[in-house]
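Below: the structure, in structure tokens.
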Amino acid sequence: MSGERVVGGATWKTHMPFFDGQNLVFCVADGTRRYKTSCGGEIWTTLDRRPGLRASFLDVPRAVDASYRPWKLAVAPWSGGPWPAERVQRIETGLPAEAVECSPACYRERGRWHVSFIGGTPKPEGWSYHLYVMSGPSLGRLERAEKVTPRPVRVGFLIPRYQCLGGRGRLDLTDRVGGGSFSLQCPLDPILRASYQADDPASLIVSGRDALGRDATLVYQIDSGRTLEISSPSDAYKPSLYAGRVVFAGRQGKSREDRELRHAPCRLTPAQGAIVRLARAAE
């Protein structure tokens with residue numbers, strides 16, 4: 001595995017970093033939780049409307065047990081690592097204990113910190129994720145998180161210049177300063193995370209899966225329209241970039257979410273697949 005460990009001596013997993021040169025905001029999880037999830041999906045909607053068909057689907061249960069990692073937000077001052085686990089401070093969001101909190105992004109403006117993240121709670125019919133934001137005088141003293149919009153989204157962030165919302169192969173951006181909106185069509189589908197570079201807010205960092213199902217990350221420069229990719233380190237998963245350094249979630253085991261944060265120098269090269277800007281945000 002490439003790169004150096006960020007946190008030393010931790011028994012929990014670490015994932016989805018955001019690095020601004022001085023602070024590292026990221027996700028931690030200790031163990032897994034279980035919940036009931038519907039099994040059969042649309043087939044049960046059909047069977048409820050047409051009960052005469054049920055005899056042919058007696059082996060299809062309505063619900064099964066499933067497990068997930070309840071990721072929670074945390075912060076620690078950056079020191080290059082590996083720094084001790086005791087330096088990690090939990091960020092309280094006010095979401096339920098069973099909620100997942102992921103994909104953080106943050107910035108400081110006029111003496112206040114602002115953190116956005118994607119949050120979701122498991123329900124039998126499936127997960128519903130939203131973009132949340134919270135503010136406060138420090139990263140350790142933030143007000144309760146509030147939804148940014150009622151629109152369910154799987155990825156997104158909020159910074160002074162842009163609001164970004166998205167999901168399957170597309171990102172919708174609103175220019176909060178100049179006004180207007182536009183969409184980005186991405187060759188990664190699904191998009192698993194959308195973030196930005198703290199020292200270059202016009203550079204978007206988009207992680208997902210390519211046409212062959214491989215994990216990939218693209219860097220899209222809004223001003224120039226260029227699309228770059230991380231050529232080194234090759235295993236930089238859902239990363240954060242700052243001043244030529246990448247912090248990423250390296251895999252520890254077989255599970256996709258069995259991760260630990262690592263960091264390394266980063267090299268970007270022109271991408272084979274381009275992110276395309278559309279004239280306006282799709283409705």
Side-chain angles (χ1 to χ4, degrees), residues 15-18 25-27 29 35 37 41 68-73 91 93-96 98-107 114-135 142 144-176 179-198 201-210 215-220 222 237-240 249 256-257 275-278 280-283:
H15 201 357
M16 290 172 280
F18 182 84
V25 181
F26 56 103
C27 302
Y35 73 105
T37 179
Y68 70 100
R69 289 194 184 277
W71 296 104
K72 303 298 180 185
L73 300 190
I91 296 178
T93 67
L95 268 61
E98 65 271 20
V100 165
E101 304 161 1
C102 59
S103 298
C106 66
Y107 65 92
H114 306 268
V115 176
S116 64
F117 67 96
I118 300 294
T121 303
K123 298 180 180 179
E125 62 272 20
W127 288 79
S128 179
Y129 293 93
H130 290 83
L131 178 64
Y132 289 84
V133 67
M134 50 189 173
S135 304
L142 297 169
R144 183 184 179 91
E146 301 288 344
K147 288 182 183 178
V148 174
T149 71
R151 170 185 170 183
V153 294
R154 295 302 298 262
V155 298
F157 60 86
L158 184 71
I159 57 176
R161 182 63 186 270
Y162 297 108
Q163 172 184 285
C164 175
L165 304 172
R168 301 218 45 111
R170 194 189 77 215
L171 298 173
D172 299 330
L173 285 91
T174 301
D175 188 333
R176 305 177 67 203
S181 59
F182 59 94
S183 289
L184 299 175
Q185 195 68 40
C186 184
L188 304 182
D189 189 2
I191 297 174
L192 300 175
R193 186 185 185 190
S195 188
Y196 81 102
Q197 192 168 325
S203 288
L204 306 185
I205 306 169
V206 185
S207 296
R209 298 194 188 105
D210 64 16
D215 294 328
T217 293
L218 299 176
V219 178
Y220 179 74
I222 295 176
Y237 181 68
K238 294 186 180 180
S240 182
R256 287 185 61 84
E257 292 197 333
I275 294 176
V276 178
R277 177 167 172 163
L278 306 179
R280 56 175 294 174
E283 298 295 336

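You'll find the ring centres of Phe157 and Tyr196 inside the 6.0 Å limit.
Looking at Leu131 and Leu165, their side chains come closer than 4.5 Å, going by heavy atoms from C-beta outward. A heavy-atom distance below 4.5 Å is found between the side chains of Pro160 and Tyr107. Looking only at side-chain heavy atoms (C-beta outward), Tyr220 and Ser203 stay at 4.5 Å or farther from each other. Taking the side chain as every heavy atom from C-beta outward, Asp172 and Arg151 approach each other to under 4.5 Å. With a 4.5 Å cut-off on side-chain heavy atoms, Glu257 and Trp71 count as touching. Using a 4.5 Å heavy-atom cutoff, the side chains of Leu204 and Ile222 are in contact. Annotation: side chain of Val155 is in contact with side chain of Leu171 (closest heavy-atom distance under 4.5 Å).
When all heavy atoms of Cys106 and Val115 are compared, the pair lying nearest together is CB-CG2, 3.8 Å. Shown here for Ala216 and Leu188, the closest heavy-atom pair between the two residues is O-CD1, 3.7 Å. Minimum heavy-atom separation, Thr217 to Pro239: OG1-CD, 3.4 Å. For the pair Ser103 and Arg193, the tightest heavy-atom approach, listed with the atom from each and the gap, is OG-CG, 3.6 Å. For the pair Cys186 and Ile191, the tightest heavy-atom approach, listed with the atom from each and the gap, is CB-CD1, 4.0 Å. A pairwise comparison of heavy atoms in Leu173 and Cys164 identifies CG-CB, 4.2 Å as the closest pair.
When atom types are taken as modelled, the side chain of Arg170 and the backbone of Gln185 share no donor-acceptor pair closer than 3.5 angstrom. For the pair Glu101 (side chain) and Gly119 (backbone), a donor-acceptor distance under 3.5 Å is absent. Looking only at distances, a side-chain donor or acceptor of Lys72 sits under 3.5 Å from a matching main-chain atom of Ala99.
With Pro104 as the fixed residue, the side chain to side chain contact (heavy atoms under 4.5 Å, CB included) test singles out one of Pro17, Cys27, Ser116: Cys27.
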Requested in this report: Could you go through the side-chain hydrogen bond (donor to acceptor under 3.5 Å, both in side chains) check for Thr174 and Ser181 one step at a time?
Outcome: CA-CA 4 Å; Thr174 301; Ser181 59; 5.3 Å; no
Requested in this report: Report the C-alpha distance between Val206 and Ile275 in whole Å, list the side-chain angles of each, state the deciding distance to 0.1 Å, and finish with yes or no for side-chain contact (heavy atoms from CB on, under 4.5 Å).
Outcome: CA-CA 10 Å; Val206 185; Ile275 294 176; 4.2 Å; yes
Query - Chi angles and distances behind the side-chain contact (heavy atoms from CB on, under 4.5 Å) call for Leu158, Arg176 - result: CA-CA 10 Å; Leu158 184 71; Arg176 305 177 67 203; 3.6 Å; yes
Query raised in the report: Which is it for Met16 and Ile118 under the side-chain contact (heavy atoms from CB on, under 4.5 Å) test, yes or no, and what are the steps along the way?
Result: CA-CA 11 Å; Met16 290 172 280; Ile118 300 294; over 6 Å; no
Query raised in the report: Could you walk me through whether Met134 and Arg144 pass the side-chain contact (heavy atoms from CB on, under 4.5 Å) check?
Result: CA-CA 6 Å; Met134 50 189 173; Arg144 183 184 179 91; over 6 Å; no
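Classification of the Phe182-Tyr162 ring pair by plane angle, with boundaries at 30° and 60°, yields perpendicular.
For the atom pair NZ (Lys238) and OG (Ser195), the distance works out to 12.0 Å, reported to the nearest 0.5 Å. Note: His130 NE2 to Lys147 NZ = 4.0 Å, rounded to the nearest 0.5 Å.
Taking the ring pair (Phe, Tyr, Trp, His ring centres under 6.0 Å) definition, one finds that Tyr132 meets it with Phe117, sequence neighbours left out. Scanning for salt bridge (Lys or Arg N to Asp or Glu O under 4.0 Å) contacts around Arg256 gives Asp215, with sequence neighbours left out.
Contact check on Asp189 versus Arg209 returns no salt bridge, with no Lys/Arg side-chain nitrogen under 4.0 Å from an Asp/Glu carboxylate oxygen.
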